[in-house]
Amino acid sequence: INYRSFETIGCGTALLTNYNSQYDDLGFKDSINCFMYKDEQDLVNKIQFINLDEYMLEKIKVENVQHLRQIWVQVDTMFPLYLMIKVFVN
């Protein structure tokens with residue numbers, strides 16, 4: 001997963017990226033808070049869909065910002081715990 005994925009949704013734009021199962025683990029959902037394609041034809045289909053459905057595009061933009069906030073809360077909550085564990089393990 002590239003950091004630009006988080007930067008993209010953090011800017012309030014829709015993320016269009018290749019499918020990677022790691023996105024599933026992070027709560028990214030195709031056509032819910034981002035657009036993911038599996039092959040070249042799927043990419044073309046997604047682009048055509050995005051161009052035809054402006055309402056869906058705006059909905060995705062709102063959802064992905066909310067998703068980023070959820071991820072940030074998880075990271076913000078877990079990072080101090082990570083630091084404490086790291087001190088005790090080392």
Side-chain angles (χ1 to χ4, degrees):
I1 301 294
N2 192 298
Y3 194 73
R4 75 175 171 265
S5 299
F6 300 99
E7 292 171 337
T8 300
I9 64 174
C11 290
T13 62
L15 173 64
L16 174 62
T17 188
N18 61 303
Y19 176 78
N20 182 325
S21 63
Q22 292 175 338
Y23 281 112
D24 297 336
D25 297 336
L26 295 169
F28 287 88
K29 297 178 183 130
D30 185 36
S31 299
I32 302 295
N33 55 22
C34 67
F35 295 102
M36 292 185 269
Y37 59 90
K38 294 185 178 181
D39 56 36
E40 188 175 324
Q41 185 58 52
D42 194 27
L43 173 61
V44 170
N45 293 342
K46 299 280 178 171
I47 292 170
Q48 289 173 343
F49 175 77
I50 292 167
N51 284 329
L52 292 175
D53 195 340
E54 195 169 319
Y55 173 77
M56 175 62 90
L57 181 60
E58 292 304 315
K59 184 179 173 189
I60 294 284
K61 290 178 183 180
V62 170
E63 288 292 328
N64 67 26
V65 169
Q66 292 175 351
H67 177 66
L68 183 61
R69 288 181 181 148
Q70 291 172 343
I71 291 172
W72 179 251
V73 167
Q74 292 170 358
V75 169
D76 195 38
T77 303
M78 297 303 296
F79 190 68
L81 179 60
Y82 163 77
L83 292 176
M84 288 188 305
I85 292 170
K86 185 177 176 182
V87 168
F88 288 113
V89 170
N90 292 332

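The structure displayed is predicted, hence computed values, not measured ones.
- Heavy-atom minimum distance, Thr8 versus Ala14: CG2-O, 3.9 Å.
- The hydrophobic cluster around Ile32 extends to none of the other residues, as no ILVMFWY side-chain heavy atom falls under 4.5 Å of it.
- Between Leu15 and the options Ile9, Asn33, Ile60, a side chain to side chain contact (heavy atoms under 4.5 Å, CB included) holds for only Ile9.
- The side-chain hydrogen bond (donor to acceptor under 3.5 Å, both in side chains) test applied to Lys61 returns Glu58, not counting sequence neighbours.
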#### Entry: Chi angles and distances behind the side chain to side chain contact (heavy atoms under 4.5 Å, CB included) call for Phe35, Leu57
CA-CA 10 Å; Phe35 295 102; Leu57 181 60; 4.3 Å; yes

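- The side-chain hydrogen bond (donor to acceptor under 3.5 Å, both in side chains) search around Asp24 returns Tyr19, not counting sequence neighbours.
- Rounded to the nearest 0.5 Å, atoms OH (Tyr37) and OG1 (Thr17) are 6.0 Å apart.
- Gln41 is linked by a side chain to side chain contact (heavy atoms under 4.5 Å, CB included) to Asp39, Val44, Asn45, counting only residues two or more places apart in sequence or in another chain.
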Throw together a table of side-chain donor-acceptor distances under 3.5 angstrom for residues 46-53, partners on residues two or more places apart or in other chains.
from  : atom 1 : to    : atom 2 : distance (Å)
Lys46 : NZ     : Asp30 : OD1    : 3.0
Lys46 : NZ     : Asp30 : OD2    : 2.5
Lys46 : NZ     : Met36 : O      : 3.3
Asn51 : ND2    : Ile47 : O      : 3.3
Asp53 : OD1    : Tyr55 : N      : 3.4
Asp53 : OD1    : Met56 : N      : 3.0

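- With sequence neighbours excluded, the residues that form a ring-ring contact (aromatic ring centres under 6.0 Å, His included) with Phe28 are Phe6, Tyr23, His67.
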